[in-house]
Number of protein chains: 2
Amino acid sequence: MKLVSAQDFDLRREVEYGSPEQNEAVKEIVQAIKMEGDTALLRYTEKFDGMKLEASGLRVTKEELQAAYDVVEPSFVTAIQAAAANIRAFHTRQKRNSWMDLQPDGSLLGQIIRPLKRVGVYVPGGKAAYPSSVLMNVIPAQVAGVPEIVMVTPPATGGRAGIDPYILVAAAEAGVHEIYRVGGAQAIAALAYGTDTIRPVDKICGPGNIYVALAKREVYGVVDIDSIAGPSEIAVLADDSANPAYVAADLLSQAEHDEMASAILVTPSEAFAKACQAEVERQLAALPRKAIAGASIERYGAIILVDSVEAGIDVVNQLAPEHFELIVENPMGYLGRVENAGAIFLGPYSSEPVGDYFAGPNHIIPTNGTARFSSPVDVDDFIKKSSVIYYSKDALLENGATIMELARREGLEGHARAIEVRLQQEGKAGNEHG
Amino acid sequence: MKLVSAQDFDLRREVEYGSPEQNEAVKEIVQAIKMEGDTALLRYTEKFDGMKLEASGLRVTKEELQAAYDVVEPSFVTAIQAAAANIRAFHTRQKRNSWMDLQPDGSLLGQIIRPLKRVGVYVPGGKAAYPSSVLMNVIPAQVAGVPEIVMVTPPATGGRAGIDPYILVAAAEAGVHEIYRVGGAQAIAALAYGTDTIRPVDKICGPGNIYVALAKREVYGVVDIDSIAGPSEIAVLADDSANPAYVAADLLSQAEHDEMASAILVTPSEAFAKACQAEVERQLAALPRKAIAGASIERYGAIILVDSVEAGIDVVNQLAPEHFELIVENPMGYLGRVENAGAIFLGPYSSEPVGDYFAGPNHIIPTNGTARFSSPVDVDDFIKKSSVIYYSKDALLENGATIMELARREGLEGHARAIEVRLQQEGKAGNEHG
């Protein structure tokens, strides 16, 4: 793991937007689903997933869901239930009420907060199918009160209709209402435009490969989409009070995600930097995913030496990392200085996996420096707001002339007249105020 | 104004994304600003706005701002101050606190809510410069606590350095901190990448022409952007208790915006429909912008007859209009049924211009059916959230085994080991729990 100076380091990486051929292929698939519905959906499922289905076989049945519980270990069910309960509790604290403001003149202003009506969650197939991601995408929607949560996930390729039982159990525990065995760009298009079998949704979220990402971009506007995540990142700011073995393990847990992942240590202590460097080497050698983690550490890993913990925080604010561990004496005393970080882990026992799986906050967090302006997934991502204005006659008579002046200043006479016609008929002509 | 059935009506319209030539031109401008900074910014300002400036002349001075107050009518200043106070009051009610949840085991979970650091607001030049839009874009950012709000607006073309004094007064009253006389794609690029004169921002908002819209799309990811608004819309649901003259005036106030604007009346009363139709004709003839309003009514206006107010609400929910006026007896009794509408105006005195200019809620509202999943601009658009996890030793010892089980189920052994190394060293090996 290389030592670098803060000035020489730039975490930002180019985001992959797909080749022209991939873009073209996705446009064609989306168009076909829009025009042909289920017919195209079944055709692409046979083509890409190697599975010949009828429309009636797309939806996962209650019996299949029950069968999944019979396959997985009881300890897994208990673990997923405990995680789901924590995630639900944390997100429940984010819920907001509609509100209104009653004025003495009888007017009422307010904001109505409602859940989205129908949400689609994409879950990748194969090795990228993570039960924890199902919880993190679905539970905020469920807590928001979304009455229809739909999951799509590709069937195992090669003609098996099965879906990973761990994914099915996680979906059931999180509160998914409908599950369909479709994947890829065709699943995204089906969620956006609807088919005879799958009714359209208002928002699509969840990770996927490049075809899924491009399809989400293609249908954006017809439906809402979540943001497209870049490679995962961690920055750890640690001083001599930290245990190098803990910090090294946390850096490696990030690095094992994929070769593009980034693990960065920021420290004011050269002794700690060296101890940590040695621990990373030692632990990496024994890691099952050492090829991936090693490549990540080699390319995107770094140790940045700084003058003080405060200077380290400045570096972290520049990086705006997805995950930030602050393992120093009295970490709480520095929290107010942390401006840009998606999730902040404080102290020696708040290892990142605690948040990835269990504690309650969401693990879908802005990457690639976007924590400067965006936020982890939460209940707000599954609500919509409407403004409400009930203006009383008194309020209109009182303020009508001011409103007309502002409208006329912008050359919008029709706007002024919508007020004037009322002032005239309610017995108070506009020009008495003008 | 034509009568149509609900089934035959579709409000959705294709959104303009610019020609390939416009896209190409914008990419070139953005790239030039990114590479050359102020040099390119001054070159494009001369080319597109016909104004030769030095870098030191880009920023609007305090003296210019003061001079604007000497030009505008005192009644305008009073009106803009009253509107600003209402908008500020409404948005202040949306502010949220950071929060934390303290657990009996000593753990702490929470969400930190912070304003964005620096926000750029684009204000179009010429006739599209609306002081009310300045208030509606800037005040939510100011209420959120954004410490640096930057406005850019093109100078008058043809070598005059001046900016509309009404815009300057609105900016000052809203709380803008810096103003630069630059516009177009070059202004957006300068805000996103920064130049020697204009430091980069975290988010860009505000309306603009097609070049501005394309530039915002181009820099999205480097900074956050607001959504791109489509043509404005109103749907009015009125029964026989409504005054046809009021409703017609409200429909026309929307139609006068632009030829693409849409004004729709939904009513259960054929008599009211006919009376309103006649009123629209009568009032349209006397409207200064009758060419625009007439074209809008002709192309996108409609009266939809329904069986009942409830059936009318169903139609409105399908339309998901930007503005919705509900002018029926006891409008409050129907509010709970309104699922999709950006802003809801209740009763005879809540004419849309009340909300456009004055009452307090934002007038930047989702268009083109996107109220199904998005919301008016508010304080939430100018904040970012960070999750906080402080896990206690007790909490880790208690839950470590569960976290390891979930990590290993996903094949992420490095995640499990980050927990295990702690359990081992803190005197409780992972396998005692496994």
Side-chain angles (χ1 to χ4, degrees), chain A residues 75-76 79 82 90 93 101 109 116 130 132 202-203 224 245-246 249-250 252-253 256 287-288 341 343-347 349-351 353-355 357-361 372-373 375-376 384-391 393 396 399 402-403 405-407 409-410 413-415 417-419 421-422, chain B residues 75-76 79 82 90 93 101 109 116 130 132 202-203 224 245-246 249-250 252-253 256 287-288 341 343-347 349-351 353-355 357-361 372-373 375-376 384-391 393 396 399 402-403 405-407 409-410 413-415 417-419 421-422:
Chain A
S75 66
F76 173 78
F90 185 82
R93 296 201 61 134
D101 186 9
L109 302 172
L116 303 186
Y130 291 138
S132 61
D202 298 315
K203 177 166 187 164
D224 194 17
Y246 296 2
D250 292 352
L252 287 171
S253 81
E256 77 169 343
L287 208 60
I344 305 166
F345 298 76
L346 300 168
Y349 307 111
S350 312
S351 175
V354 167
Y357 289 108
F358 196 75
R372 285 182 298 121
F373 51 76
S375 308
K384 60 192 173 190
K385 294 169 273 190
S386 300
S387 306
V388 177
I389 298 177
Y390 169 81
Y391 231 45
K393 183 175 166 180
L396 189 73
N399 299 301
T402 305
I403 298 168
E405 164 149 16
L406 291 169
R409 169 54 44 209
E410 297 187 353
E413 178 64 23
H415 284 61
R417 290 191 188 171
I419 305 298
V421 63
R422 287 167 164 90
Chain B
S75 66
F76 173 78
F90 186 82
R93 298 202 58 135
D101 186 11
L109 302 172
L116 303 187
Y130 292 138
S132 61
D202 298 315
K203 178 167 185 163
D224 195 15
Y246 296 3
D250 292 353
L252 287 171
S253 81
E256 77 169 344
L287 208 60
I344 305 167
F345 298 77
L346 299 168
Y349 306 111
S350 312
S351 176
V354 167
Y357 289 106
F358 196 75
R372 285 182 297 120
F373 51 75
S375 307
K384 61 192 173 189
K385 294 168 273 191
S386 300
S387 306
V388 177
I389 297 176
Y390 170 80
Y391 230 45
K393 182 174 167 180
L396 189 73
N399 299 301
T402 305
I403 298 169
E405 164 147 16
L406 290 169
R409 168 54 46 209
E410 297 187 353
E413 178 64 23
H415 284 60
R417 290 190 189 171
I419 304 298
V421 65
R422 287 165 164 92

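Residue numbers start from 1 in every chain, and the chains themselves are labelled A, B, ... in the order their sequence lines are given, proteins ahead of strands.
With a 4.5 angstrom heavy-atom cutoff, B:K393 touches chain A via backbone and side-chain atoms both. Only the side chain of A:L396 comes within less than 4.5 Å of a heavy atom in chain B; its backbone stays farther off. At a 4.5 Å heavy-atom cutoff, the contact between B:L109 and chain A is made by backbone and side-chain atoms alike. A:L406 touches chain B through backbone and side chain together, each having a heavy atom under 4.5 Å away.
Counting heavy-atom pairs closer than 4.5 Å to chain A, the top residue among B:K384, B:K203, B:E413 is B:K384. Here A:S386 is the residue among A:A343, A:S386, A:A359, A:A341 with the most heavy-atom pairs under 4.5 Å with chain B. Among B:L252, B:L116, B:V388, the residue making the largest number of heavy-atom pairs under 4.5 Å with chain A is B:V388. For the options B:S351, B:A82, B:G347, heavy-atom pairs under 4.5 Å to chain A are most numerous at B:S351.
For the pair A:E405 (side chain) and B:F76 (backbone), a donor-acceptor distance under 3.5 Å is present. In terms of modelled atom types and a separation under 3.5 Å, the side chain of B:S350 and the main chain of A:Y391 share a donor-acceptor contact. A donor-acceptor distance shorter than 3.5 angstrom exists from the side chain of A:E410 to the backbone of B:S132, with no hydrogens or angles considered.
Shortest non-hydrogen contact noted between B:G355 and A:I389 is CA-CD1, 3.6 Å. B:F358 approaches A:T402 most closely through the heavy-atom pair CE1-CG2, 3.7 Å. Shown here for B:H415 and A:E256, the closest heavy-atom pair between the two residues is ND1-OE2, 2.7 Å. Listed here is the closest heavy atom pair of B:P353 and A:A418: CG-CB, 4.1 Å. Minimum heavy-atom separation, B:G414 to A:L287: CA-CD1, 3.6 Å.
Rounding to the nearest 0.5 Å places CZ of A:F373 at 7.5 Å from CG of B:D202. Rounded to the nearest 0.5 angstrom, B:I419 CD1 and A:Y349 OH are separated by 12.5 Å.
In this structure, A:P288 and B:R417 have side chains that are in contact, with non-hydrogen atoms separated by less than 4.5 Å.
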